[in-house]
Amino acid sequence: SQLGSQLGSSVTLLLATQAGLVANVTRLSASVTANSARHLASQATQADLVTNVSRLATTQASYAARLANATQLGANQSAHASTSQAMQDALVANVSRLPATQAAQA
């Protein structure tokens with residue numbers, strides 16, 4: 001009878017241990033699933049980040065090209081202003097010589 005009682009206690013303890021083990025495996029499985037979901041989300045975020053960095057590089061290159069164009073435009077306008085002023089000065093000089101030339105031809 002004592003052996004049967006000990007056996008019953010051992011079986012009860014074994015069943016309780018098995019139930020605890022099942023609960024631990026269940027929690028571990030849930031944790032692994034949650035970690036996998038977080039990892040996938042992290043990978044998606046990382047992919048978005050790579051895309052955004054690539055877009056940023058393209059945008060920076062575009063702005064650099066625009067800046068170079070604006071700088072060239074400024075240089076062209078300055079050169080045009082200088083040429084225009086020189087042509088205007090030459091025209092004024094030619095007009096001022098016109099009366100003398102006309103008088104000499106008369």
Test item: [X] side-chain N/O and [Y] main-chain N/O as donor-acceptor pair under 3.5 Å:
| X | Y | value |
| --- | --- | --- |
| Thr51 | Ala47 | yes |
| Thr12 | Gly8 | yes |
| Ser36 | Val32 | yes |

task = Any chance you could measure Tyr63, atom OH, to Leu56, atom CG, to the nearest 0.5 Å?
result =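 Separation between the atoms: 10.0 Å.
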Going by heavy atoms in the side chains, are [X] and [Y] under 4.5 Å from each other?
| X | Y | result |
| --- | --- | --- |
| Thr71 | Leu67 | yes |
| Asn52 | Arg55 | yes |
| Leu49 | Thr45 | no |
| His80 | Asn76 | no |

query = What pairs with Asp89 under side chain to side chain donor-acceptor pair (under 3.5 Å), at least two apart in sequence or on another chain?
reply =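 Asp89 satisfies side chain to side chain donor-acceptor pair (under 3.5 Å) with Gln85 once adjacent residues are dropped.
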inquiry  = Around atom CD of Gln46, are there more than 12 heavy atoms from other residues, nucleotides or ligands closer than 6.0 Å?
reply    =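 Counting other residues, nucleotides and ligands, CD of Gln46 stays at 12 neighbours or fewer.
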inquiry  = Tell me whether the count of non-hydrogen atoms from other residues, nucleotides or ligands lying under 6.0 Å of CD in Gln18 goes above 12.
reply    =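 For Gln18, atom CD is not crowded (no more than 12 foreign heavy atoms under 6.0 Å).
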task = Would you check if there is a donor-acceptor pair between the side chains of Asn94 and Arg97 at a distance under 3.5 Å?
result =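 Yes, because at least one side-chain N or O of Arg97 sits under 3.5 Å from a partner of the opposite role on Asn94.
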Nonpolar side-chain network containing Val95, other nodes, edges under 4.5 Å =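 Noted: Val95 shares its cluster with Leu91.
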key: side-chain contact (heavy atoms from CB on, under 4.5 Å) assessment of Leu28 paired with Asn24   = CA-CA 6 Å; Leu28 181 59; Asn24 286 344; over 6 Å; no
